[in-house]
Amino acid sequence: MEKPTASELVKKLAKGEISRREFDLFLEALDDKSQAENLDKGFWGLFAQFLTKGKSDEQNDDTSKNSNTL
């Protein structure tokens, strides 16, 4: 079995598809300085999804507010 990168583990964690073994590997990666770049990549990708979703929600809110005032 190939050891997944910290970035891959963050993605699985965010989707709720992480196994107990993978979660243990994720916790180990938090202490592993060599995985720092992979953790950054994974978390930035995760946060980017929230930012993109947040902007879409704001745009939808603005659209619905404008349609209610007409």
Participant: Ignoring hydrogens, what is the shortest heavy-atom contact between L9 and I18? Give both atom names and the distance.
Facilitator: O-CD1, 3.8 Å

Participant: I need the minimum non-hydrogen distance between N38 and A6, along with the two atoms involved.
Facilitator: CB-CB, 3.8 Å

Participant: Taking the six-membered ring for Trp, are F47 and F50 parallel (under 30°), tilted (30 to 60°) or perpendicular (over 60°)?
Facilitator: tilted

Participant: Provide the closest heavy-atom pair for E22 versus E17 in the form atom of the first, atom of the second, distance.
Facilitator: OE1-O, 3.9 Å

Participant: Hey, could you give me the NZ/NZ distance between K41 and K11, rounded to the nearest 0.5 Å?
Facilitator: 6.0 Å

Participant: Does W44 share a hydrophobic cluster with V10, counting links as ILVMFWY side-chain heavy atoms below 4.5 Å and allowing steps through other members?
Facilitator: no

Participant: Hey, what do you get for CG (L51) to CG (L46), rounding to the nearest 0.5 Å?
Facilitator: 10.0 Å

Participant: Give, for atom CG of L39 and atom CZ of F26, the distance between the pair rounded to the nearest 0.5 Å.
Facilitator: 6.5 Å

